[in-house]
**Q** 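One structure coming up, written as structure tokens, with questions to follow.
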Amino acid sequence: MHYWLMKSEPGDYSVDDLESDGVTHWDGVRNYQARNLMRDEMHVGDHVLFYHSNAKPPSVVGIAEVAREAYPDHTQFDPKDPHFDPKSDPDEPRWIMVDIRFVEKLPRPVGLPELKTYPELSGMVLLNRPRLSVQPVTEAEFEFIVARASDPAPE
DNA sequence: GCCAACGTTGGC
DNA sequence: GCCAACGTTGGC
């Protein structure tokens, strides 16, 4: 069992969108490191923290789970799609995606400024490695954040 | 809207 | 294979 954090801009695709869709394919990842993590490490049933980037404040807002393991991301072959990749060979697709299933919204969003205040999270990839849209979290980090979401919001 | 971090591209 | 130019992410 692995744990993950996946970023999405809420204007693009929010946790509410995921809730109404139930399951969605996580297309558009065009970063090799993120791709390799999804392709090699992500398994059905893995738990995912759903994170709103470019929000005020950026926040962990929900929980999802991996519903399907890596398969080709069809948007790479669509010239009209913003994620079109003319160099990707259909016989050997360069980019893959996974399916994510909605589990729950957190009782309250846990914002980035708050996350930074917890020594327990000082090693989080989120706080140390900018610009990685799919990233691993430890089980302890996952459980800690979910527990904080049941606490009252700090001042 | 700005810009720092950093990944990718392509000329050489 | 180096590295400058360029593009993107994402916090602020």
Side-chain angles (χ1 to χ4, degrees), chain A residues 2-19 21 24-42 46-66 70-100 102-103 105-138 140-142 144-149 151-155:
Chain A
H2 288 169
Y3 296 83
W4 306 97
L5 180 145
M6 297 172 83
K7 299 178 183 176
S8 183
E9 300 197 22
D12 219 25
Y13 194 85
S14 72
V15 70
D16 293 318
D17 294 325
L18 180 62
E19 181 173 23
D21 288 347
T24 193
H25 47 250
W26 203 261
D27 63 279
V29 172
R30 296 292 181 271
N31 170 282
Y32 287 105
Q33 214 173 343
R35 178 203 68 180
N36 293 347
L37 287 168
M38 289 200 301
R39 185 190 59 196
D40 303 333
E41 308 287 342
M42 229 179 234
D46 281 0
H47 293 189
V48 176
L49 293 173
F50 196 99
Y51 179 85
H52 280 171
S53 61
N54 262 312
K56 294 175 193 168
S59 306
V60 177
V61 293
I63 300 175
E65 65 181 16
V66 176
Y71 62 107
D73 177 346
H74 56 82
T75 64
Q76 68 196 299
F77 305 122
D78 179 358
K80 295 189 294 296
D81 192 279
H83 299 295
F84 175 60
D85 183 352
K87 293 185 197 145
S88 185
D89 175 358
D91 291 330
E92 203 157 337
R94 178 179 298 193
W95 304 110
I96 53 87
M97 60 189 181
V98 298
D99 285 355
I100 295 299
F102 176 81
V103 174
K105 282 168 76 169
L106 295 181
R108 67 174 179 90
V110 183
L112 181 60
E114 179 185 346
L115 296 176
K116 288 177 175 172
T117 66
Y118 300 123
E120 292 88 342
L121 302 179
S122 60
M124 264 192 97
V125 175
L126 182 71
L127 305 181
N128 295 283
R129 285 284 312 278
R131 304 183 51 207
L132 188 58
S133 64
V134 175
Q135 54 179 257
V137 301
T138 67
E141 290 161 351
F142 185 98
F144 183 85
I145 291 169
V146 171
R148 294 292 73 68
D151 293 342
E155 277 310 304

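We name chains A, B, ... by the order of the sequence lines, and we start the count at 1 in each one.
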**Q** Between A:Asp85 and A:Arg94, is there a salt bridge with N-O shorter than 4.0 Å?
**A**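 A salt bridge is present here (some side-chain N lies under 4.0 Å from a carboxylate O).
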
**Q** Hey, does the side-chain of A:Arg131 have a donor or acceptor N/O within less than 3.5 Å of a partner on the base of C:dT8?
**A**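 Looking at the base of C:dT8, it does pair with a donor or acceptor on the side chain of A:Arg131 (distance under 3.5 Å).
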
**Q** Does C:dC12 have OP1 or OP2 under 4.0 Å away from a side-chain N or O of A:Lys116?
**A**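 Yes, A:Lys116 has a side-chain N/O under 4.0 Å of OP1/OP2 on C:dC12.
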
**Q** Roughly, in whole Å, what's the span from NE2 in A:His52 to C1' in C:dT9?
**A**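 Going from A:His52 (NE2) to C:dT9 (C1'), I get 17 Å.
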
**Q** Within this structure, what is the CZ-to-P distance between A:Arg30 and B:dT9, rounded to whole angstrom?
**A**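 These atoms are roughly 12 Å apart.
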
**Q** Measure CG/A:Leu115 against P/C:dC12 and give the value in whole Å, please.
**A**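 Interatomic distance, CG of A:Leu115 to P of C:dC12: 11 Å.
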
**Q** Using whole Å, what does the distance between atom P of nucleotide B:dT9 and atom CG of A:Asn31 come to?
**A**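 Interatomic distance, CG of A:Asn31 to P of B:dT9: 11 Å.
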
**Q** Mind calculating the distance between OH (A:Tyr32) and C1' (B:dT9) to the nearest angstrom?
**A**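 So the two atoms are 11 Å apart, to the nearest Å.
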
**Q** Should A:Tyr51 be listed as having a side-chain N or O under 4.0 Å from OP1 or OP2 of C:dG11?
**A**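 Checking A:Tyr51 against C:dG11: at least one side-chain N or O falls below 4.0 Å of OP1 or OP2.
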
**Q** Could you state the atom-to-atom distance from CG of A:Asp85 to P of C:dT8 in whole Å?
**A**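 Computing the A:Asp85:CG to C:dT8:P distance gives 13 Å.
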
**Q** Examine C:dG10: is either OP1 or OP2 under 4.0 Å from a nitrogen or oxygen in the side chain of A:Lys56? Give yes or no.
**A**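 For A:Lys56, the contact criterion (side-chain N or O under 4.0 Å from OP1 or OP2 of C:dG10) is not met.
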
**Q** Could you check whether A:His74 and A:His25 have their ring centres less than 6.0 Å apart?
**A**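 Ring centres of A:His74 and A:His25 closer than 6.0 Å.
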
**Q** B:dC6, C:dG11, B:dG10: which one has an atom nearest the side-chain heavy atoms of A:Lys87?
**A**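 The answer is B:dG10, which lies nearest to the side chain.
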
**Q** Does A:Lys7 make a side-chain N or O approach to OP1 or OP2 of C:dT9 shorter than 4.0 Å?
**A**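 False: A:Lys7 side-chain N/O out of range (4.0 Å or more) of C:dT9 OP1/OP2.
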
**Q** Measure CZ/A:Arg94 against C1'/B:dG7 and give the value in whole Å, please.
**A**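 Between C1' of B:dG7 and CZ of A:Arg94: 14 Å.
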
**Q** Between atom CZ in A:Arg129 and atom C1' in B:dA4, what is the gap in whole Å?
**A**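 Whole-Å distance recorded here is 15 Å.
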
**Q** Does the pair A:Asp73/A:Arg35 count as a salt bridge with the N-to-O cut at 4.0 Å?
**A**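 Between A:Arg35 and A:Asp73 there is no salt bridge, as every charged N stays at least 4.0 Å from the carboxylate O atoms.
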
**Q** Charged N to carboxylate O below 4.0 Å: is that the case for A:Glu114 and A:Arg108?
**A**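 Salt bridge between A:Glu114 and A:Arg108, a charged N being under 4.0 Å from a carboxylate O: yes.
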
**Q** Between A:Asn54 and A:Asn128, which residue's closest nucleotide on DNA chain B lies nearer the 5′ terminus?
**A**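 Going by which nucleotide is closer to the 5' end, it is A:Asn54.
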
**Q** Between A:Tyr32 and A:Trp95, does the ring centroid distance fall short of 6.0 Å?
**A**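 Yes, they do, as the ring centres are separated by less than 6.0 Å.
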
